[in-house]
Visitor: 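I am attaching a structure below and will ask some questions about it afterwards.
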Amino acid sequence: MLYWTIIFPKNLFDLNTFQLFSNTIYLVFLSSIVLVVFSFISNYGNRVTKSKFLNFLTTFSITGYAIPGVILAVAFITFIAWFDNTFVKAFEFNSIKKIFIGSIFGLVIVYFIRFYSLAYNGLKTGYERINRSIDESSYLLGYSKIKTFLGIHVPYLKNSVFLIGILITIEVIKELPITLILRPFNFETFATTAYIFASQDLLEAAAVPSLFLILIASTFILITSKFILKD
Amino acid sequence: MANNFFEIDNVSFAAGGKNKVNNVSLKIENEGEIVCLLGPSGIGKTTMLRTIAGLEKINKGKINLKGRTLSSQNIHIEPENRNIALSFQENSLFPHYNIEKNINLGSDRVKNQKKIETKEIIDFLNLNKILNKFPHEISAGEAQRASLARSLVSQPDLLMLDEPLSNVDQSFKEEIQVELKQILTNSKITTIIVTHDSYEAFYLGSKCGIILDGELKQYDDPYNVYHLPNSVEVVNFLNRGTLIPAEVTSPKSLENEDLGTITGNFARPFPIGSKVKLLIQPEDLQHDDASNLKLEVVDRKFRGSNFIYTLKTLSNKLIPVFVHSHHIHQHEVDEKFGIKRPIHIDHIVCF
């Protein structure tokens with residue numbers, strides 16, 4: 001790929017690298033925020049309430065990782081279409097398809113279903129290292145549940161969050177089927193661009209976005225490895 | 001309920017849906033008193049502390065502190081609003097803060113004038129060398145002392161310590177006990193200490209509670225708990241004596257087939273002719289080589305300042321006898337050991 005990029009430098013300059021990079025990072029950023037926030041809420045909720053229902057809901061929600069991306073994307077479109085036709089139109093509201101299909105919002109929802117397991121379990125491992133008596137000590141020192149969360153859990157789990165963020169980044173930037181099916185019109189990432197060129201047998205052109213993809217993923221993997229060793 | 005600093009009124013303590021200690025009533029009349037709870041492992045002592053701290057709820061009775069109901073069937077004040085500190089047995093220091101920051105978190109909530117200086121606590125608990133270390137870098141004993149320091153500097157209305165010195169080195173333990181008592185007394189912090197060490201409880205506590213078989217068996221001052229136990233279970237738990245059969249012969253005497261006549265004051269009166277179990281504690285009998293009442297030595301425990309001889313009677317009962325370790329000679333196992341007559345026990349405890 002490096003060879004092809006050097007031989008055909010025009011491909012590098014023709015590619016809208018900055019736009020692809022910002023699109024990719026935009027998706028990564030949004031997905032990471034949503035995943036980390038919801039993982040925190042569900043982990044903390046499970047810890048504080050010990051609710052069996054919440055526990056069941058969490059167990060159910062982490063099964064998304066086992067489902068191939070393409071099936072998830074198609075199932076999501078099918079569900080939205082069914083919901084729209086059955087309920088939304090029945091009450092004569094405007095169609096909701098545009099909100100969910102071919103939008104960043106829909107894309108992030110399906111990323112969420114796909115990668116929630118990753119974020120939830122990553123944080124759960126961190127939480128398991130916090131003895132419950134630490135929470136109780138905090139309450140007894142006058143900290144409320146929210147203060148305990150913000151003052152004790154979040155600082156303690158910042159390393160886990162960082163690690164989860166990196167793992168999500170790696171997964172999202174190389175995720176293809178979901179992005180390809182659900183992305184907004186004219187919204188491309190390095191992964192989709194590489195796929196489009198490759199599917200047209202333009203392997204030399206596909207080399208450049210692929211190289212960027214590898215570069216970004218490798219950078220994050222390197223950071224992760226260093227981070228894990230340090231931790 | 002009125003006028004007592006702290007009171008538990010007919011509360012059943014439960015954890016994980018199971019009742020642990022039932023129908024407990026206990027009061028601490030004055031601010032600054034130290035109460036110790038003794039009992040075997042797993043009996044529910046920690047559950048009691050957790051419930052008082054508000055970490056567990058109750059479904060009957062009341063817990064009051066300074067005239068305010070903290071827990072009842074309908075009321076549950078959250079732990080953070082109780083101003084009660086609980087020092088856990090296990091390491092509960094915040095792992096991402098160093099020891100100094102951990103201790104200072106305790107003093108952060110003190111709004112009124114400080115009764116205890118943080119530095120004073122750090123000095124007495126010998127924590128100066130580990131202030132910049134993190135909890136994972138220190139030993140269990142150091143973590144326990146740091147946790148104790150954090151609880152002390154928070155100056156709670158009620159301080160509860162769960163086995164506070166269980167991981168502390170024996171050499172340092174007595175020193176800490178003395179200073180801990182001094183600090184608690186001077187600062188007038190009302191304290192409940194859970195311990196399995198009866199000597200620690202007897203030293204630190206102005207009152208001791210013995211928890212056995214799911215109930216508070218005895219709640220009294222340490223002298224009475226030791227010398228006037230109110231049940232066979234308490235005697236067995238303290239393990240400081242033996243029960244031998246005897247018959248009450250007068251309001252101030254009884255008769256045992258091996259020891260003969262024993263005189264003294266009955267802790268509880270029994271009708272003449274009653275068949276009773278008489279408690280013999282190591283201090284009750286005195287050694288006398290010249291005595292004609294001789295029993296066989298079956299064991300000898302050296303306890304530093306004293307020996308505890310275990311003697312076998314003719315009816316195969318084992319009786320402990322205390323002898324000062326500076327006693328002029330020692331008796332070996334299987335030797336005969338003289339018991340001074342007439343036997344007089346100041347307080348006769350029978351069941």
Side-chain angles (χ1 to χ4, degrees), chain A residues 36 39-40 43-56 121-166 224 226-231, chain B residues 15-17 46-47 49-56 70 76-98 101-111 134-136 143-144 146-162:
Chain A
V36 166
S39 302
F40 252 127
N43 266 296
Y44 187 68
N46 270 330
R47 187 177 175 91
V48 174
T49 64
K50 297 169 193 164
S51 153
K52 281 184 184 165
F53 176 69
L54 195 62
N55 201 21
F56 167 77
N121 284 321
L123 211 54
K124 189 181 171 192
T125 310
Y127 257 115
E128 280 167 359
R129 295 209 305 258
I130 308 179
N131 197 327
R132 280 188 192 276
S133 65
I134 286 171
D135 289 23
E136 293 169 348
S137 290
S138 171
Y139 304 150
L140 291 165
L141 286 170
Y143 283 72
S144 64
K145 287 189 172 62
I146 293 292
K147 271 190 174 176
T148 300
F149 175 71
L150 296 173
I152 307 297
H153 293 179
V154 173
Y156 182 70
L157 292 170
K158 67 176 189 297
N159 292 352
S160 299
V161 171
F162 183 58
L163 201 63
I164 292 164
I166 288 171
T224 316
K226 198 177 172 187
F227 187 79
I228 290 169
L229 286 174
K230 191 184 164 196
D231 201 35
Chain B
T46 301
T47 302
L49 296 192
R50 290 175 57 81
T51 308
I52 295 167
L55 299 170
E56 307 283 349
L70 300 179
H76 179 80
I77 308 278
E78 289 298 323
E80 57 267 31
N81 298 323
R82 293 188 175 211
N83 200 22
I84 290 177
L86 168 58
S87 177
F88 291 93
Q89 191 176 0
E90 70 266 35
N91 182 355
S92 57
L93 297 169
F94 302 129
H96 53 302
Y97 292 140
N98 67 14
K101 170 83 174 161
N102 261 288
I103 294 171
N104 285 334
L105 282 173
S107 62
D108 282 353
R109 81 161 176 195
V110 181
K111 292 183 181 72
F134 283 84
H136 67 274
Q144 206 165 33
S147 180
L148 177 59
R150 187 175 64 186
S151 299
L152 280 169
V153 298
S154 70
Q155 288 179 212
D157 289 332
L158 181 65
L159 172 66
M160 298 193 290
L161 309 175
D162 191 0

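Just so it is clear, the model here is predicted, and its values are computed rather than measured. Residue numbers begin at 1 in each chain, while the letters A, B, ... track the order of the sequences.
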Visitor: Check this for me, if you would: do A:Lys147 and B:Glu80 make a salt bridge, where the nitrogen-to-carboxylate-oxygen distance has to be below 4.0 angstrom?
Guide: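 Salt bridge: no.
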Visitor: Please state whether the side chain, the backbone, both or neither of A:Thr148 comes within less than 4.5 Å of a heavy atom of chain B.
Guide: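 Contact with chain B involves no heavy atom of A:Thr148 at all.
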Visitor: Using a 3.5 Å distance criterion without hydrogens, assess whether the side chain of A:Thr125 forms a donor-acceptor pair with backbone atoms of A:Asn121.
Guide: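 It does hold such a pair.
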Visitor: Parallel, tilted or perpendicular: which one describes the rings of A:Phe149 and A:Phe40, with boundaries at 30° and 60°?
Guide: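 Taking A:Phe40 first and then A:Phe149, their aromatic rings stand perpendicular (interplane angle over 60°).
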Visitor: So which of B:Asn81, B:Asn83, B:Leu86 has the biggest tally of heavy-atom pairs under 4.5 Å with chain A?
Guide: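 Heavy-atom pairs under 4.5 Å are most numerous for B:Leu86.
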Visitor: Does B:Thr47 have any side chain to side chain contact (heavy atoms under 4.5 Å, CB included) partners at least two apart in sequence or in another chain, and if so, which?
Guide: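 Side chain to side chain contact (heavy atoms under 4.5 Å, CB included) check on B:Thr47 returns B:Phe13, B:Ala15, B:Lys20, B:Thr51.
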Visitor: Checking heavy atoms, do the side chain of B:Leu55, its backbone, both or neither come under 4.5 Å from chain A?
Guide: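 Just its side chain gets close to chain A.
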